[in-house]
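As structure tokens, the structure follows; a few thoughts come after it.
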Amino acid sequence: MQNRDIKIYIVDDHPVVRRGLGQFINSRDGFCICGEAGDAESAIADINDKNPDIVLVDINLKGTSGIDLIKAIRSRYSGVNVLVLSMHEENEYIERAMRAGAKGYILKNDSEELVFEAIASVIKNRIFLSDGIKDKVLESMFRKNGGREQTVALLTDREFEIFQLIGGGANTREIASALNLSASTIGTYRERIKTKLSILTPNELVKFAVQWVMNEKNKDSAQI
Amino acid sequence: MFSEDAETLFWDFFDGNSAIKLLISPSDGAVMEANRSACLFYGYAPETFRGMSFFAINMMSEAEVRKHFELVISEAQRDFNVYHRCYDGDIVNVSVNFGLITFHGMELILAIVFDVTGERRALTASHLSQTQFLTVLNSMDAVIYVADLNSYEILFANRYMKDSFGEETEGRRCWEVIHGSGSPCKFCGNERLLEGVRRLEYRSMRNRLWYQFIDRAIVWIDGRLVRISIGIDITERKQLEQEIIGISEKERIRIGNDLHDGIGQYFTGIGFLTQVIKDKLAACGLPEKSIAEEIIGLIEEAKNHTRILAKGLSPVNMDKNGIFAAIGELRMDTERIFGSECSFLYDKNITVEDNFTATHIYYIVREAVNNAMRHGGAKHVDIIIKEWDEGIRIDVQDDGCGFNPDTVARGLGLNLMKYRADVIGGTLGISGGKNGGALISCIIPRFDGHAE
């Protein structure tokens, strides 16, 4: 790695950014631009030929999003690290990008020099976040999260009704009969509830629903 | 045989009052006697009438009249509603009461005739008038219905109303028919209708159309107090109004996005290129390097200004998850600024593709959170976005002091939230939250994004 330039591929739908960033990177010893693309589709095909060490990706791309591009790069070319260079400073994007497999996230508003610092870190497989972002991500991580208990609020009235019946020990057939719906409809509802509560198995759903109903009863009796 | 007194009494009874009476022989239908009233009514001279056939003044056939006689003799029926012809050709509708009497040894039929032509005419006129009235109401391109002031039961609905809200309208509650809701509308002003006419505009939650209604209290045909409501479909006008108002909003959002995605990107590119120049000037040891550094500093400032300006004009990024990113930031800012807890939960399957809709949702949430913090003194506020029927529902619930219904109606912030909900085809509701605070809910039944 020490003997050759770090090869960088740029994906950004703004030509002026590709041009400026490309010239900036090429102007430094040890770094070179091996290719560039304005959209995710072209990038995916081209990255295979150009064999970069790092791909610099903008989140906002026309067509396939930058997040989906990160996932595609990580699944096809596991040795290629991704660094995000974005206008978006919102946590939502940072978390999505990092979950998709990005190694670093810097802002277009950061100082230009930070690009090399980030590349140097990411090439060593280390996570890099610019200072403003780092604080926000940490703040978000350490804030009090209600976890799955809170996500019950995302259920619709009907899903919540079924969730409560599951928690009360009713099986699909009994719920279908109680609500005058078919068993397959209840099955569909159960799947939706699982998705919303990030639950993987039917057993886990029953366990969580029973626990939730018991907790609610305890809360009620405590209030009395 | 009649005594002299009895005979006098009979003639007094027969002739001495205004009832129309005829004595008829049942065997041949001959009129044996006709009193003065009968002569006046039918227009015959007494001597002409006497001896005439009763069948001749009947519009029915002789056989049918004879059947009536048989019914009278067998005491099966005494009253008949028939048509008679007068001397001048007039046809009169009469009700005839037949009775059997024995007179001078003969079995005769006493017919007492009542003229019901006037009553029938009045009934026909009334029926005609009702038909005309209904024809007028049913041909009007407006919702017209009558509902009980107390029970809200719809007593009458015109054709337009039935075409708009379904045939099964009468007998159901107005709020159920028009909004599909389970309780009276919050804006219902039934109690104020006694003071006079009320004009209001609202949108049906069932067919999503806008109506301008004129309501007034009237006394219904059965004596009870009812509300008559006449509503004109103003959906097109409303849409136009909202489009005109929306133009400036859309323009603002467009400029914001252009700043963010256009000018902002140029500054980024220029910044990198200037760095290259600065590096080259530095490598050559030229003093102009400091000028390049100054330019880079100015570009940094310009980038920040652009970012702040773009955020102010368009707070939600133009992508399907932009709304969640923006509310996520709002949540963090709320905690930082107010020191209160703010949670944000949303269904990850929901996306809001339309940036205009997303921006209005964002402003509704921001206003609701601001109200909770500034006016409600809340220590905790929950923001929830979830799917709701075929659309989405946004709840902002706090544990503050709640809303004062007297002041809330006048609040500009609330009116703005309602306006924004209207613009994106949603409905805004305010109610008490779980912990005594306020719950602001915005339901968007059909929206440009989707809930999978």
Side-chain angles (χ1 to χ4, degrees), chain A residues 12-28 58-62 65-67 85-96 107-113 115-116 135-136 139-140 143-146 150-160 192 195-198, chain B residues 260-262 264-280 283 296-297 299-300 303-304 306-307 310-311 317-329 331-332 335-336 341-350 382 384-389 393 395 397 451-452:
Chain A
D12 196 304
D13 60 348
H14 297 94
V16 65
V17 175
R18 291 203 301 273
R19 176 142 184 258
L21 182 60
Q23 291 216 20
F24 184 51
I25 289 172
N26 276 331
S27 71
R28 294 287 171 98
D58 185 9
I59 296 279
N60 259 29
L61 294 174
K62 289 182 179 71
S65 76
I67 302 287
L85 176 66
S86 170
M87 291 288 272
H88 298 312
E89 56 188 335
E90 293 89 348
N91 240 8
E92 177 76 20
Y93 295 107
I94 304 162
E95 284 177 16
R96 277 178 191 255
L107 298 172
K108 287 183 177 173
N109 275 326
D110 286 329
S111 81
E112 288 80 7
E113 280 297 331
V115 172
F116 294 109
D135 293 346
K136 286 174 86 169
E139 200 180 322
S140 170
R143 76 181 297 279
K144 208 159 89 184
N145 275 319
Q150 269 199 347
T151 57
V152 174
L154 291 178
L155 302 181
T156 62
D157 285 355
R158 182 59 107 186
E159 289 163 355
F160 183 62
R192 290 159 74 105
T195 309
K196 286 186 182 177
L197 303 181
S198 307
Chain B
H260 191 270
D261 287 336
Q265 306 288 349
Y266 272 93
F267 282 134
T268 303
I270 295 166
F272 284 126
L273 287 171
T274 317
Q275 275 286 354
V276 176
I277 295 170
K278 187 204 85 178
D279 289 348
K280 288 194 171 166
I296 288 166
I299 291 170
E300 291 295 318
K303 279 202 281 190
N304 277 327
T306 310
R307 184 178 58 84
K311 274 270 171 239
N317 291 322
M318 280 194 65
D319 70 77
K320 60 187 182 180
N321 295 310
I323 178 67
F324 307 116
I327 295 178
E329 293 301 295
R331 184 205 75 194
M332 289 178 81
E335 293 196 334
R336 209 175 294 128
E341 274 182 31
C342 181
S343 78
F344 175 40
L345 275 174
Y346 68 94
D347 185 340
K348 301 266 190 302
N349 293 316
I350 295 174
D382 293 320
I384 297 166
I385 299 183
K386 59 181 177 180
E387 59 171 318
W388 195 258
D389 293 333
R393 174 178 174 143
D395 283 347
Q397 185 172 310
E452 289 162 352

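Reminder, nothing fancy here: chain letters follow the sequence lines and each chain counts from 1. Predicted, not measured: the structure shown is a model, and the values here were computed from it.
Comparing B/Asn304, B/Ile299, B/Asn321 by how many heavy-atom pairs each has under 4.5 Å with chain A, the most go to B/Asn321. Taking A/Asn91, A/Thr156, A/Leu21 one by one and counting their heavy-atom pairs under 4.5 Å with chain B, the maximum is reached by A/Leu21. Of the listed residues A/Glu92, A/Glu112, A/Met87, the one with more heavy-atom pairs under 4.5 angstrom with chain B than any other is A/Glu112. For chain B, the option among A/Glu95, A/Lys136, A/Arg19 with the highest count of heavy-atom pairs below 4.5 Å is A/Lys136. Contact count against chain A (heavy-atom pairs under 4.5 Å) is highest for B/Gln265 among B/Gln265, B/Glu329, B/His260, B/Glu300. Chain A forms the most heavy-atom pairs under 4.5 Å with one residue out of B/Arg336, B/Arg393, B/Lys303, and that residue is B/Lys303. Most heavy-atom pairs under 4.5 Å with chain B, from the set A/Asn109, A/Ile25, A/Val17: that is A/Asn109.
If you measure heavy-atom distances from A/Arg28 to chain B, the contacts under 4.5 Å come from the side chain alone. Neither the backbone nor the side chain of B/Ile327 comes within contact range of chain A, judged by heavy atoms closer than 4.5 Å. Only the side chain of A/Glu159 comes within contact range of chain B, with heavy atoms under 4.5 Å apart. Contact annotation for A/Asn60: only side-chain heavy atoms (C-beta onward) come within less than 4.5 Å of a heavy atom of chain B. Contacts of B/Asp279 with chain A are made by side-chain atoms alone, with heavy-atom separations under 4.5 Å and no backbone atom involved. Contact annotation for A/Arg96: only side-chain heavy atoms (C-beta onward) come within less than 4.5 Å of a heavy atom of chain B. In this structure, the portion of A/Thr195 lying under 4.5 Å from any heavy atom of chain B is its side chain and not its backbone. Using a 4.5 Å cut-off between heavy atoms, B/Phe267 does not touch chain A at all. Contact annotation for A/Lys108: both backbone and side-chain heavy atoms come within less than 4.5 Å of a heavy atom of chain B.
Counting all heavy atoms, side chain and backbone alike, A/Val115 lies closest to B/Phe272 at CG2-CE2, 3.7 Å. Nearest approach of A/Leu155 to A/Phe160, heavy atoms of both residues: CB-N, 4.0 Å. Across all their heavy atoms, A/Pro15 and A/Asp13 have their closest contact at CD-O, 3.5 Å. Residue B/Lys278 comes nearest to B/Ile296 through the heavy atom pair CD-CD1, 3.7 Å, listed as atom of the first residue, atom of the second, then distance. In this structure, A/Leu61 and A/Gly66 approach most closely via the heavy-atom pair CD1-CA, 3.9 Å.
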| task | Please lay out, stage by stage, how A/Glu90 and B/Asn317 fare under the test side-chain hydrogen bond (donor to acceptor under 3.5 Å, both in side chains). | result | CA-CA 10 Å; A/Glu90 293 89 348; B/Asn317 291 322; 3.1 Å; yes
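The environment of A/Phe116 atom CZ is dense: over 12 non-hydrogen atoms of other residues, nucleotides or ligands sit within 6.0 angstrom.
A donor-acceptor pair under 3.5 Å is formed between the side chain of A/His14 and the backbone N or O of B/Asp261. Checking side-chain atoms of B/Gln397 against main-chain N and O of B/Asp382 turns up no donor-acceptor pair under 3.5 Å.
Rounded to the nearest 0.5 angstrom, A/Tyr93 OH and A/His88 NE2 are separated by 4.5 Å.
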